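Take a look at the structure below.
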Amino acid sequence: MNVNLLINNEDVATEQYTEAKDPGRLDETIGYIAKGNASHVDHAVQAAHSAFLSWRQVQLEDRISLLLKSAKEIEKEAASIAYITSKENGILLKRTIDEIYLSVKDMKNLADLATAAFEPRVMEDSSGWVRINKKPMGVIACIVPWNAPLVLTLQKIAPIIMAGNTVVVKPSPSASMGVKRLLQIMAGFFPPGVINIVFGDAEVGNALTSHPLVRKISFTGGGPTAVSVMKAAADTLKGVHFELGGNDPAIILDDANLDEVTPKIVEGAFRRTGQFCFAIKRVYVPMHMYDEFYDRVCKLTDSYQIGHQLNEDATMGPVNSHLQYSRIKALIDNLDKSGAHMTTLGQRMEPDNWDNGYYIHPVVVRDVSPSADIVVCEQFGPVLPIIPYRSEREVIQYANDSELGLGSSVWSEDFEHALRLADEIEAGMTFINGHGQTPLGSKYIPFGGIKQSGIGREKSIEVFDEFIEYHGINYHK
Ligand code: NAD
């Protein structure tokens, strides 16, 4: 199956195609993805720019209504979109189905918030009259990663087009097919040129981030790539919106109930085989609870059934790509060589298929220094270091001693106690007794990080600020 670019609601073939493999069955080709270049990027940006000139005139209610209609169709097609996405990125099918429903819920939340967000402000006194309009920016480039490609794409597109902008999306080479299916369904609801897709890697990314008609770049991915994006954007002084990596600490307080906390910590670390930005990447435990907690984590982690992402009984899938596999393997090998205490866990579901996919056993690490590489890096895989602490002052220092600041969590039976610590953490988001948002948090918390974890926010009413320009009009009486 050839998967083409999408420009002006038309399939566009290219000269070259890249083979997409199933990361859980390396001998299986899933399809061939069109390889774009700078001229395809120009074509897509010009299409988006032309569409912008009329799309920005469409009333907000009509933009919202089209978006909600497309959301309904996405729900209807959830099974087929999820299937191809999971085949391609290796994330368990049930997770990808959840991802689609979460995306649709997010779209509905934003539709609820949009009318208030775009209301112009009008003021008057004896000297003058002022109106502050919120206007769309133009063409926005969306660059997305592979690990949760559907929700991360929709989190951008929904507020962007609601605000009256148009988009050119560049998915990751290792998660392009599902995003194409999703956006093709969606694009059919909008005028041609509102939603466009170009596939490729750095060359296409660079053509997009340096194109003079692109007004802003909304990028989700790794910090080093974000540096290249920022440099490419500099020549035409574009704005950047970055959702980057994290090194989320989970702090267990001495009054936490380990029966309740441990399964949630394990899930918060190893969901998606540890490949999500706000996964728990380091756990801090009071010294006197350390051994017990470590044993409990190992016991639960050992029950993971590691298998193919479409296998309904699998609870942990493969990692996404050869790059991910070799990077995580090297991290584990280096740990082993360093003499760190680590426990390798989990059950192989199909031992005969083990080497035919990027399968990795989850690893839990103990007795590591708080400044060890495994603690300070973003592992982005199934490796979890557990670190003891002696006082709350000390653990706050550990938690904040990072250039990253995406999520974080505090675990305690006493809400006030947890809240005191939560207030001291340097992060974009701190969760208490969970590691992720509740439905209320998902609607109202601006999602994103501080320091080198990002610039700007997604979700919530605040996301609209990323994709509008202010236009002030002042009448002199
Ligand atoms: P990546 O940075 O390698 O790639 C991200 C995207 O950038 C891909 O589409 C890639 O093709 C593109 N790209 C590569 N070079 C480029 C260039 N020079 N110019 C423009 N685009 C270019 O990241 P990844 O491996 O796909 O994703 C993993 C990273 O993403 C992790 O660090 C993770 O924490 C982060 N992430 C963050 C969030 C968040 O919301 N904060 C969510 C998911 C993932």
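Because only heavy atoms are used, hydrogens play no part in the values below, and waters and symmetry mates are left out as well, while side chains stay in. What you are looking at is a predicted structure, and each value in this text was computed from that prediction instead of being measured. Numbering of ligands and ligand atoms starts at 1, following listing order.
- In terms of protein heavy-atom proximity, atom 32 (O) of ligand 1 is closest to E378 OE1, 2.8 Å.
- Between I7 and A47, the closest heavy-atom pair is CG2-CB, 3.8 Å.
- Within ligand 1, counting atoms from 1 as listed, the ones closer than 4.0 Å to a heavy atom of G245 are 32 (O), 34 (O).
- For ligand 1, the atoms lying closer than 4.0 Å to a non-hydrogen atom of I143 are 6 (C), 7 (O), 9 (O), 12 (C), 20 (C), 21 (N).
- Side chains of K264 and S409: no donor on one and acceptor on the other come within 3.5 Å.
- Looking at atom 41 (N) of ligand 1, its nearest protein heavy atom turns out to be L244 O, 2.7 Å.
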**OP:** Applying side-chain hydrogen bond (donor to acceptor under 3.5 Å, both in side chains), run through Q184 and R181 and close with a yes or a no.
**Re:** CA-CA 5 Å; Q184 191 154 33; R181 174 129 188 82; 5.7 Å; no
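- Taking the six-membered ring wherever Trp is involved, the centroid distance between the rings of Y325 and Y358 falls below 6.0 Å.
- Scanning all protein heavy atoms for the shortest distance to atom 18 (N) of ligand 1 gives A202 CB, 3.8 Å.
- Among all non-hydrogen protein atoms, the one lying nearest atom 23 (O) of ligand 1 is G222 N, 3.4 Å.
- Here is the list of ligand 1 atoms found below 4.0 Å of a heavy atom in L152: 42 (C), 43 (C).
- Less than 6.0 angstrom separates the ring centroid of Y284 from the ring centroid of Y398.
- In F447, the part holding a heavy atom less than 4.0 Å from any atom of ligand 1 is the side chain.
- Every heavy atom of A232 sits 4.0 Å or more from the atoms of ligand 1.
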**OP:** Give the intermediate values and the outcome of salt bridge (Lys or Arg N to Asp or Glu O under 4.0 Å) for residues K156 and E458.
**Re:** CA-CA 7 Å; K156 296 185 186 306; E458 269 175 5; 2.7 Å; yes
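- Near V144, meaning under 4.0 Å from one of its heavy atoms, ligand 1 places the atoms 6 (C), 8 (C), 9 (O).
- Nearest non-hydrogen protein atom to atom 10 (C) of ligand 1 is D201 OD1, 3.5 Å.
- Against a heavy-atom cut-off of under 4.0 Å, N206 is close to the following atoms of ligand 1: 19 (N).
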Original post:
Would E312 and K94 satisfy salt bridge (Lys or Arg N to Asp or Glu O under 4.0 Å), going step by step from the backbone distance to the final call?
Top reply: CA-CA 8 Å; E312 284 182 3; K94 46 192 173 245; over 6 Å; no
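- Of all the heavy atoms of E458, none lies under 4.0 Å from any atom of ligand 1, so neither backbone nor side chain is involved.
- Less than 4.0 angstrom separates some heavy atom of G205 from each of these atoms of ligand 1: 19 (N), 20 (C), 21 (N).
- Not a single heavy atom of F278 sits under 4.0 Å from any atom of ligand 1.
- Taking a cut-off of under 4.0 Å to the non-hydrogen atoms of W146, the atoms of ligand 1 that pass are 24 (P), 25 (O), 26 (O), 27 (O).
- When hydrogens are left out, the protein atom nearest atom 2 (O) of ligand 1 is T225 OG1, 2.6 Å; that is the closest non-hydrogen contact.
- Regarding atom 33 (C) of ligand 1, its nearest protein heavy-atom neighbour is F380 CE1, 3.3 Å.
- Of all atoms in ligand 1, listed by their number and element, those nearer than 4.0 Å to a heavy atom of V229 are 19 (N), 20 (C).
- Residue contacts with ligand 1: N147 is placed with no nitrogen or oxygen under 3.5 Å of a nitrogen or oxygen of the ligand (distance criterion only).
- Between W354 and Y359, the ring-plane angle classifies as parallel under the 30° and 60° cut-offs.
- By the 4.0 Å heavy-atom criterion, G454 is excluded from the residues contacting ligand 1.
- Considering all non-hydrogen atoms of both residues, I280 and I265 come closest at CD1-O, 3.8 Å.
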